Amino acid sequence: GVRVLALDYEARWETEVGAVVAATRSALGLRHSAAFGRCDITLPLAAPANELVEEALAGGTRLFVASYVVAENAVALRDSDFVFFEELFARAPAGTLMLVLETTHR
C-alpha cells in the first residue's frame, strides 16, 4: 500500500489530512494510510521540529514533495541559507525524487 506522511508547520492541516485518510480508505481500502506531523523548513534537519523528516529519511522514504512553501517562506529560507533543503538534498539516498511545486508572480 501507499503510506503518506504530510508534514507542515501549521497544525491546522491535520484536519485536512484526516479527511484525506478517510476518503482514501473509503475508496481504496485499508492498505493505504496517511498521517500528519509537524516540520519547519526554516530550521536544520536536526532541529526537534524536524524529527519526523529525519525519521522519514532513515525509514526509506524516496519521494519528498514541497508544495507551495518556498515562495511564502522565501525571506526566512534565505536567512537560514536554505539549510533545510541543503541538508535534505545532501542526506537523501541516490534516486530519491524531490518535487518542488511553486507558483508565484515574482
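Worth saying up front: this structure is predicted, and the values here are computed from it rather than measured.
Nearest heavy-atom pair, Gly37 versus Leu52, reported as atom, atom and distance to 0.1 Å: CA-CD1, 3.5 Å. Considering every non-hydrogen atom in both Leu43 and Ala49, the closest pair reads CD1-CB, 4.2 Å. A pairwise comparison of heavy atoms in Pro93 and Thr96 identifies O-OG1, 2.7 Å as the closest pair.
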Trace of the side-chain contact (heavy atoms from CB on, under 4.5 Å) decision for Leu57 with Phe64
CA-CA 10 Å; Leu57 280 168; Phe64 287 88; 3.8 Å; yes
Run the side-chain contact (heavy atoms from CB on, under 4.5 Å) test on Leu5 and Thr61 for me, step by step, so that the C-alpha distance in whole Å, both residues' side-chain angles and the decisive distance to 0.1 Å come before the verdict.
CA-CA 10 Å; Leu5 176 59; Thr61 298; over 6 Å; no
Start with the C-alpha gap between Phe36 and Asp8, add the side-chain angles, then the distance that decides, and say whether side-chain contact (heavy atoms from CB on, under 4.5 Å) holds.
CA-CA 8 Å; Phe36 176 81; Asp8 198 288; 3.9 Å; yes
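Checked for salt-bridge contact, Arg91 and Glu54 meet the test: a charged N lies under 4.0 Å from a carboxylate O.
A donor-acceptor pair is defined here as one N or O able to donate and one able to accept, closer than 3.5 Å; such a pair exists between the side chain of Glu87 and the backbone of Leu45. When atom types are taken as modelled, the side chain of Asn50 and the backbone of Ala46 share no donor-acceptor pair closer than 3.5 angstrom. Side-chain atoms of Glu102 come within 3.5 Å of backbone atoms of Val69 as a donor-acceptor pair (strictly under, hydrogens ignored). Asp81 places no side-chain N or O within donor-acceptor distance of the main-chain N or O of Val83, the cut-off being under 3.5 Å.
Here Arg62 pairs with nothing under the side-chain hydrogen bond (donor to acceptor under 3.5 Å, both in side chains) rule; sequence neighbours left out. Scored by the side-chain hydrogen bond (donor to acceptor under 3.5 Å, both in side chains) test, Glu16 finds no partners at all (sequence neighbours excluded).
Taken together through direct or relayed side-chain contacts under 4.5 Å among Ile, Leu, Val, Met, Phe, Trp and Tyr, Leu101 and Leu63 form part of one hydrophobic cluster. Clustering ILVMFWY residues whenever any of their side-chain heavy atoms sit less than 4.5 angstrom apart, transitively, puts Val70 in the very cluster that holds Phe84. Taken together through direct or relayed side-chain contacts under 4.5 Å among Ile, Leu, Val, Met, Phe, Trp and Tyr, Val20 and Leu7 form parts of separate hydrophobic clusters. Cluster membership for Leu99 and Leu97, using ILVMFWY side-chain heavy atoms within less than 4.5 angstrom, is shared. Grouping the Ile, Leu, Val, Met, Phe, Trp and Tyr side chains by contacts below 4.5 angstrom, directly or via other members, places Ile41 with Val100.
More than 12 heavy atoms of other shown residues, nucleotides or ligands fall within 6.0 angstrom of atom CZ in Phe89.
Note that the CZ atom of Arg12 and the OG1 atom of Thr15 stand 10.5 Å from one another [nearest 0.5 Å].
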